[in-house]
Structures are given as structure tokens and as C-alpha cells.
A.B. asks: 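I have a structure I would like to understand better, so I am pasting it below and will then ask my questions one at a time.
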Amino acid sequence: MLTGKQKRFLRAEAHHLKPIFQVGKIGVNDNMIEQIIDVLEKRELIKVSVLQNCLEDKATVADKLVQGADAELVQIIGNNIILYKESMENKQIELP
């Protein structure tokens, strides 16, 4: 689990990131989760955008992504979800 201080640090790090994935009408599927796992291994910190036409609410989408990718939810801000997962081989972010 992330501490409040670590979440603040990651929010600041994620501020300039552009969303890599978009969750639309079909919601979260296995293929998307696999791709997110791969990208998290490379980048550790990503933004996912929830589109207006998504039938599920942001909290549900975030929950599915966190459980599916075994990641940490940093923040839901507007229509963006910020996810963090420590990389096994590609560690770039040093948490405070």
C-alpha cells in the first residue's frame, strides 16, 4: 500500500503525463488489462482516460484496472485514473 506522502509524490510525477489508454463504451476487457500490465512494467506510472460514453462509473473502472493489473490506485481526477505499479526489471521511480 502507498502512503499519503508517496501518493502526493506520484500525483506530482503524473501531472505532466498524457493518458495512454482510453476506456470507452465496452469498458474494461482482458486485452486492455494485459496491455496495461505491459505498459506499467515499462513506465510504472500511467494515466487512463475514461470517455464520456463509458457505461461504467470511474470508480468501477478504476477498481477493475487495479485488481486486473495488480496495481495501486494513485488518484481519480476528473475523467483520468492514475495507476502505479513498481516495475520488476525497469525501476525508474524512487518513492519517498
Side-chain angles (χ1 to χ4, degrees):
M1 283 303 293
L2 294 171
T3 65
K5 185 177 185 180
Q6 289 171 330
K7 284 186 179 183
R8 270 197 309 278
F9 172 78
L10 290 170
R11 281 199 299 267
E13 290 289 309
H15 178 73
H16 68 279
L17 295 178
K18 298 264 184 274
I20 299 176
F21 292 97
Q22 294 181 327
V23 180
K25 200 177 212 171
I26 59 170
V28 178
N29 58 28
D30 293 340
N31 186 27
M32 177 185 283
I33 287 176
E34 283 177 32
Q35 289 178 347
I36 286 176
I37 290 170
D38 290 344
V39 172
L40 279 169
E41 177 58 35
K42 289 185 185 79
R43 298 188 179 201
E44 295 186 307
L45 188 66
I46 63 168
K47 268 187 191 172
V48 179
S49 177
V50 181
L51 300 177
Q52 297 291 325
N53 67 354
C54 185
L55 302 175
E56 298 171 322
D57 69 327
K58 292 175 283 212
T60 307
V61 170
D63 205 41
K64 285 182 178 180
L65 293 176
V66 165
Q67 288 177 352
D70 192 27
E72 298 274 355
L73 177 65
V74 177
Q75 185 181 32
I76 299 174
I77 182 162
N79 287 330
N80 291 323
I81 299 166
I82 302 172
L83 297 175
Y84 170 78
K85 183 176 182 183
E86 188 174 334
S87 175
M88 295 299 151
E89 291 143 27
N90 219 356
K91 188 133 179 57
Q92 298 166 341
I93 300 173
E94 281 299 322
L95 292 176

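If you're wondering where the values come from, they're calculated on a predicted model, not measured in any experiment.
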A.B. asks: Taking all heavy atoms of E56 and all of V28, pick out the closest pair and write down the distance.
C.D. replies: OE1-N, 4.1 Å
A.B. asks: Rounded to the nearest 0.5 Å, what separation is found between the CG atom of L10 and the CG atom of L73?
C.D. replies: 11.0 Å
A.B. asks: Do V74 and I37 belong to the same hydrophobic cluster, where Ile, Leu, Val, Met, Phe, Trp and Tyr are linked whenever their side-chain heavy atoms lie under 4.5 Å apart, directly or via other members?
C.D. replies: no
A.B. asks: Q92 and E44: which non-hydrogen atoms are nearest, and at how many Å?
C.D. replies: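 Residues Q92 and E44, closest heavy atoms: N-OE1, 2.9 Å.
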A.B. asks: Hey, mind stepping through I20 and K47 against side chain to side chain contact (heavy atoms under 4.5 Å, CB included) and telling me if it holds?
C.D. replies: CA-CA 6 Å; I20 299 176; K47 268 187 191 172; over 6 Å; no
A.B. asks: Counting neighbours of NZ on K91 that are heavy atoms of other residues, nucleotides or ligands and sit closer than 6.0 Å, is the number greater than 12?
C.D. replies: yes
A.B. asks: Counting only heavy atoms from other residues, nucleotides and ligands, does the tally under 6.0 Å from CG of D30 exceed 12?
C.D. replies: no
A.B. asks: Answer yes when K85 and E41 have at least one side-chain N-carboxylate O distance shorter than 4.0 Å, and no when they do not.
C.D. replies: no
A.B. asks: Please name the pair of heavy atoms, one in A59 and one in I76, separated by the smallest distance, quoted to 0.1 Å.
C.D. replies: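 What the structure gives for the nearest pair is CA-CD1, 4.1 Å.
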A.B. asks: Taking all non-hydrogen atoms of both residues, which atom of K58 and which atom of I81 are closest, and how far apart?
C.D. replies: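 Looking at all heavy atoms of both residues, the closest pair is O-CD1, 3.9 Å.
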A.B. asks: Looking at every non-hydrogen atom in both residues, tell me the closest pair between L40 and A69 and how far apart they are.
C.D. replies: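 L40 and A69 have their closest heavy atoms at CD1-CB, 4.1 Å.
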A.B. asks: Decide whether T60 and D57 meet the rule of one side-chain donor and one side-chain acceptor closer than 3.5 Å.
C.D. replies: yes
A.B. asks: Measuring from atom CD1 of I36 to atom CZ of R43, what distance do you get when rounded to the nearest 0.5 angstrom?
C.D. replies: 12.0 Å
A.B. asks: How far apart are the C-alpha atoms of E72 and Q6, what are their side-chain angles, what is the distance that settles it, and do they pass the side chain to side chain contact (heavy atoms under 4.5 Å, CB included) test?
C.D. replies: CA-CA 11 Å; E72 298 274 355; Q6 289 171 330; over 6 Å; no
A.B. asks: Check whether more than 12 heavy atoms from other residues, nucleotides or ligands sit under 6.0 Å from atom CG of L17, and answer yes or no.
C.D. replies: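 Count over threshold, so yes.
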A.B. asks: F21 and Q35: which non-hydrogen atoms are nearest, and at how many Å?
C.D. replies: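 Here F21 and Q35 meet closest at CE2-OE1, 3.6 Å.
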A.B. asks: Only one of H15, E13, K7, Q75 forms a side-chain contact (heavy atoms from CB on, under 4.5 Å) with I82, so which one is it?
C.D. replies: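 Result for side-chain contact (heavy atoms from CB on, under 4.5 Å) with I82: Q75.
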